[in-house]
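Remember, it's 1-based here, ligands and their atoms both numbered in the order they're listed. Any value given below was found using the heavy atoms of this structure, including those in side chains, with hydrogens, waters and symmetry copies removed.
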Amino acid sequence: MTTMDDVSRPSRVAGADEAISAEELQLAARNHGIPLEALRYDVTPAGLHYLLIHYDIPELDPATHTLTVDGAVDRPLELDLAALRERPRVSHRVTLECAGNGRALLHPRPVSQPWLVEAVGNAEWTGTPLAPLLREAGLSPDAVDVVFTGADHGVERGVEQDYQRALPVADALREEVLLAYEMNGAPLLPQHGAPLRLIVPGWYGMAHVKWLRGVTVTTEPFDGYQNAVAYRLRRDADDPGVPVTRIEPRALVRPPGFPDFMSRTRVLRPGACVLDGRAWSGHAPVDAVEVTVDGGSSWAPADLDPPSGGEWTWRRWRYAWTPEPGRYVLGARATDASGRSQPVEQPWNRGGFANNLVQRVEVVVLPA
Ligand SMILES: Nc1nc2c(c(=O)[nH]1)N[C@H]1C(S)=C(S)[C@@H](COP(=O)(O)O)O[C@H]1N2
Ligand SMILES: [Mo]
């Protein structure tokens, strides 16, 4: 008999010399990253923001779409978009990063969406805070988790499912968590969750449920696939692992000069220039960025622009550099106020999650 397992494979780590497959490329073509030159914008234009869609983009009609709030609450609610838009309106500028960012650079490579370093964006999300709505519904005193259900449906490693992710109640009640209906001042685009999505500032992307249709309060820990199986830090397949939550600090260099088409090696004329980029962390504000031009052998402090745009947004850094002709490998390393920083040696886990290895930007400075 034909079963789901015939089309849906278990998770896998690539063999030592195994190249990126056509299946990984198929995911990469659907789920694009930010072009790194777009690190220049404080707010990432919607079309340049990275994208990650597990299944298909569902077709939802904003005129009839509703959000239900149910489970362990005194008063279940059902709201349409008009009702959500009448509630208090708040905007947050939020750096969003996929938990799998950096995965394809790991050795060995976890086989999934093959991100290099570009799974990030910084948009302005507008919507209404979730917490007051939960309080209006009346949370049961024994509430444990809040489950968010998207309208998209698929199968993953043999498990057919709606995309669902839960947050612990205390995290769901944080004031900054939004039911967002606008991105950068315009209605959400289909690929970013239209007409409604969750925004959980500081958390990796998987928590920000798109095409949101249901909020369900539970009195037992949620054991759905995306919480219990997928997004966990584990060494091997049998390890229960620990949940992926907040974004680890990362800095990126905006690649200087101009690129070679095929290798994307950067070409620079000799003389003074200013390198720049962005740095962020979901744990605490970034308070230092260091730059390397020799692949991590030596480091020098960068200047940070004053924080702007609020607590959840990336920060620009700059570094004055006057290189001689030759070859260089640039990188930057962020440290946040909690003391977390970025490793130069790769951290490794089986899903390739929360990996914040320092970037490598190959540069050739031409003779004068
Ligand atoms: N319903 C639903 N929500 C989802 C996803 C999804 O596949 N379905 N992908 C998640 C993941 S893994 C990430 S990284 C972010 C990406 O958000 P973006 O595409 O708007 O950048 O959405 C999250 N929300
Ligand atoms: Mo993601």
*Proximity of Tyr328 and Trp321 rings by center, below 6.0 Å*: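 Here the rings of Trp321 and Tyr328 have centres that are less than 6.0 Å from each other.
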*Proximal candidate to atom 17 (O) of ligand 1 [heavy atom criterion; set His49, His32, Arg197, Glu156]*: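 Result: the heavy atom closest to atom 17 (O) of ligand 1 is in Arg197.
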*Could you check which of Trp211, Tyr163, Tyr50 puts a non-hydrogen atom nearest to atom 4 (C) of ligand 1?*
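Closest candidate by heavy-atom distance is Tyr163.
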*Charged N-O contact under 4.0 Å between Glu78 and Arg213*: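 Judged by the 4.0 Å cut-off on N to carboxylate O distance, Glu78 and Arg213 do not form a salt bridge.
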Would you mind listing which atoms of ligand 1 come within a distance below 4.0 Å of any non-hydrogen atom of [X]?
{"X": "Asp152", "result": "1 (N), 2 (C), 6 (C), 7 (O), 8 (N)"}
{"X": "Ile53", "result": "7 (O)"}
{"X": "Cys98", "result": "14 (S)"}
{"X": "His208", "result": "22 (O), 23 (C), 24 (N)"}

Just to confirm my output: which protein heavy-atom neighbour is closest to [atom], and how far is it?
{"atom": "atom 23 (C) of ligand 1", "result": "Gly205 O, 3.2 Å"}
{"atom": "atom 9 (N) of ligand 1", "result": "Leu52 O, 3.3 Å"}
{"atom": "atom 7 (O) of ligand 1", "result": "His54 N, 2.8 Å"}
{"atom": "atom 19 (O) of ligand 1", "result": "Lys210 NZ, 2.6 Å"}

*When clusters are formed by joining ILVMFWY residues with side-chain heavy atoms under 4.5 Å apart, either directly or through shared neighbours, do Ile34 and Val94 land in the same one?*
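Per the 4.5 Å side-chain linkage, Ile34 and Val94 are not co-clustered.
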_Tell me whether Arg87 at atom CZ has more than 12 heavy atoms from other residues, nucleotides or ligands lying less than 6.0 Å away._
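Above 12, so yes.
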*Would you indicate whether the side-chain heavy atoms of Tyr225 and Glu156 approach each other to under 4.5 Å?*
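Yes, their side chains come closer than 4.5 Å.
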*Would you call the rings of Tyr231 and His54 parallel, tilted or perpendicular, where under 30° means parallel and over 60° means perpendicular?*
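Plane angle between 30° and 60°, so tilted.
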*asked:* Just to verify, which of Arg318, Arg315, Arg278 counts as forming a side-chain hydrogen bond (donor to acceptor under 3.5 Å, both in side chains) with Asp305?
replied: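 Of all the options given, the one that passes is Arg318.
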*asked:* Would Gly150 count as being in polar contact with ligand 1, using the rule that some N or O on each side must be under 3.5 angstrom apart?
replied: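 Not met; the criterion fails.
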*Calculate, to the nearest 0.5 Å, the distance between atoms CG and NE2 belonging to Leu52 and His208 respectively.*
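Between atom CG of Leu52 and atom NE2 of His208 there are 12.0 Å.
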*Answer yes or no for Tyr231: is there a heavy-atom contact with ligand 1 below 4.0 Å?*
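Yes, Tyr231 has a heavy atom closer than 4.0 Å to ligand 1.
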